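Working notes, beginning with the structure itself.
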There are 2 protein chains.
Amino acid sequence: MVTIKDVAREAGVSVATVSRVLNGSGPVSELTGQRIREVAGRLRYVPHGGARSLITRKTQTLGVLLPDLYGEFFSEVIRGMDDTAQRHGFHLLISRAHADRHGIETAMRAMRGRVDGVVAMSPDLGADAPLDVPAALPVVLLCSAPRGDGADSLTIDNQGGSKAIVGHLIRLGHTRIAIIKGASRNYDAAERMRGYRVALRAAGITPDPSLATEGGFTEAGGYAAALELLKVKPRPTAIFAANDSMAIGALSALRESGVRVPEEMAVAGFDDIPLARYMDPPLSTVRVPTYELGARAVEMLLHCVRNGNDDARRRERVSTELVVRRSCGAGSARRTPSS
Amino acid sequence: MVTIKDVAREAGVSVATVSRVLNGSGPVSELTGQRIREVAGRLRYVPHGGARSLITRKTQTLGVLLPDLYGEFFSEVIRGMDDTAQRHGFHLLISRAHADRHGIETAMRAMRGRVDGVVAMSPDLGADAPLDVPAALPVVLLCSAPRGDGADSLTIDNQGGSKAIVGHLIRLGHTRIAIIKGASRNYDAAERMRGYRVALRAAGITPDPSLATEGGFTEAGGYAAALELLKVKPRPTAIFAANDSMAIGALSALRESGVRVPEEMAVAGFDDIPLARYMDPPLSTVRVPTYELGARAVEMLLHCVRNGNDDARRRERVSTELVVRRSCGAGSARRTPSS
DNA sequence: GAGCCCAGTGTAAACGATTACATTCGCCAT
DNA sequence: ATGGCGAATGTAATCGTTTACACTGGGCTC
């Protein structure tokens, strides 16, 4: 492996001069510069990133810690992150970790000295204590309950989205609106539940506990939850699933039970995954700007990385967009934007 | 930021001893060991990964270079890679790069000194010349035309998959089978086309050039291609799209043209993306084991990293599985495995 | 022509770890 | 008593860079 020393020897100069030429720092004569560049090219010299970052104390790399979920969400977030990082000359060190405190902390430790900062998604609720990681490491928490004041945080406007779609159902005349909740300790799930309650109360409807089931954010969970809800008397006329996967499971359950959607039961989801518009009927939902979520998280992190980590903590939130399709039975069946 | 020196000073020993304790190398007295561990814990010392890798000449990190595509494929591949890498104590440095030679080479250079090896996906055909990267860097090429002998390669059994599904259509009695090809210079696309031809010839059918259109692997492309194919006289009775996205586009085009699937036109895709089984009718396709693809690629790379990069080049291929659903009109409409 | 400045270059000290080699010391066999 | 051995520890070189500082020599200004 050819190092800067090899280049220096071959070009008959010192390593300092080579470094200056290759980084454009310090004054070097035109002639020497050319010679060095020629030699470096001929020898196929490529600077050793690790060595460089040791002395400059910057790795030009951002750590990304994601929970064990995957699918379209995962890849879109990463796409947003990578685009943004690359535009600023940064790499991405990606690791999937358990969503709990311990998993996150372990993974973060392993990143010490390899990254300039970390975007971590640890949606598990409860661990309100700040993370036990080297204090100097900038951290942006994604879709997580804000924790202490060691880290910035970026979340989805879950409440706003829930309120929008539940409000829409209410305007369509529904009063018995059920909810299929997400994973029990999950931050997004809790917030979506809260938005649902707020929307009902704002319309003068008292949330009925028998209309709240849990689906764990999975398709199978949504399926089971829908079957439960069909047994409730009087039966709800609308189901709001806290994500699209569960809504899709619910649609299957309803079809197999012979319940027509949206005539006998309106259904709505959350996330607007690609599948949603292909459902039969197409699923009304709340669009989450996944790409922007990743992009914004990296921007926030880069801000910390560059300006030091010491200034005031930022708490940001990306807003959502109501996507009305046929599954909720709106007259506005075709008001779907674009897709 | 606390370093090994801080720990050494605080514990009243030399850095060598601290290192020995923390790595379990060399003999250290029980007492000293305990003291050092206690101090390290109290000071929240975490070894600096970058510094360590500089001297040990191992980064415990694998580079991953993926083209600008995304979606379910992307995330599943990464999931397979990360699981495998993590099991062996490795991290993943992920970068999206242009699929062409130059993009790959640039990205690889940026990874010098940060990774122990690279999995690169550069499906663009044509660049048969070996990649111009530091020779010592182990590389596994994913879904790409084997290039020179500097790198191992792992591909999908595209031909096998195409032959299976086209063969299936032939057994159903079709003789005029159209194909919607993938992106023009793409390796997978070319191989799938080849498999299609081979299958036809094996059945004594001469491929009809007017039945081959191109859809660029996109949904819109598939839509347009299907409209083209409907104009061909005599009209084909089956369409094989080289991926599911195009098949889905084709389904839309057929529905809007009032052509019933599968009665008037059989349709088949390739990839088995999650959407496929939700289509109406559910899409017959070829399942690609995406997770295993990523997992296997990392295993191959780790083999190179560990045993040096010098031994014989491996050329591996993951096999595919025929997934028959309703869109191709098989009597076996419900033979779909699991899903 | 002495002093200064500045462009161009080299020397060597970092960065934070690992590890080969040297040192010390107690113990045991001779 | 002496030599040798091995356990426990320290010293310092090393990995591949960047960069503060020192040095040289030529062109100015007075």
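What you are looking at is a predicted structure, and each value in this text was computed from that prediction instead of being measured. We use all heavy atoms of the structure for the numbers below, so side chains are in, but hydrogens, waters and symmetry mates are not. Proteins come first, then strands; the chains are lettered A, B, ... in the order of their sequence lines, and each starts at number 1.
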Of the nucleotides [options], which one has an atom closest to the side chain of [X]?
X: V15(B); options: dT17(D), dT18(C), dT9(C); answer: dT18(C)
X: N23(B); options: dA8(D), dG10(D), dT18(C); answer: dT18(C)
X: T17(A); options: dC15(C), dT9(C), dT17(D); answer: dT9(C)

When the distance from [atom1] of [X] to [atom2] of [N] is rounded to whole Å, what number comes out?
X: M1(A); N: dT17(D); atom1: CE; atom2: P; result: 10 Å
X: K5(B); N: dA14(C); atom1: NZ; atom2: P; result: 8 Å
X: R20(A); N: dA7(C); atom1: CZ; atom2: P; result: 13 Å
X: H48(A); N: dC15(C); atom1: NE2; atom2: P; result: 19 Å
X: R52(B); N: dT14(D); atom1: CZ; atom2: C1'; result: 16 Å
X: R114(B); N: dG16(D); atom1: CZ; atom2: P; result: 15 Å
X: I36(B); N: dT9(D); atom1: CD1; atom2: P; result: 8 Å
X: I55(A); N: dT18(D); atom1: CD1; atom2: P; result: 9 Å

- Message: So does S122(A) get a backbone contact from the side chain of S144(A), meaning a donor-acceptor N/O pair under 3.5 Å?
- Response: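 Yes, the answer is positive, given that a donor and an acceptor are paired below the 3.5 Å cut-off.
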- Item | Crowding at CZ, R42(A) (>12 non-hydrogen neighbours, <6.0 Å) |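 Atom CZ in R42(A) is crowded, with more than 12 foreign heavy atoms closer than 6.0 Å.
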- Should we say atom CZ of R306(B) is surrounded by more than 12 heavy atoms from elsewhere, each under 6.0 Å from it?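 More than 12 heavy atoms, drawn from other residues, nucleotides or ligands, come within 6.0 Å of this atom.
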With a non-hydrogen cut-off below 4.0 angstrom, is [X] in contact with a base, only sugar-phosphate, or nothing?
X: R57(B); answer: sugar-phosphate
X: P27(A); answer: base
X: T32(B); answer: sugar-phosphate
X: S19(A); answer: base

Can you check whether [X] has a side-chain N or O nearer than 4.0 Å to OP1 or OP2 of [N]?
X: S29(A); N: dT9(C); result: yes
X: T56(B); N: dA17(C); result: no
X: S14(B); N: dG10(D); result: yes
X: S25(B); N: dT18(C); result: no

- Query: How far apart are the closest heavy atoms of L301(A) and V119(A), and which atoms are they?
  - Reply: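 Closest approach of L301(A) to V119(A), heavy atoms only: CD2-CG2, 3.6 Å.
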- With the threshold set at 4.0 Å, does a side-chain nitrogen-carboxylate oxygen contact exist between E38(B) and R35(B)?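 Looking at R35(B) together with E38(B), the answer is no, because their closest N to O distance does not fall below 4.0 Å.
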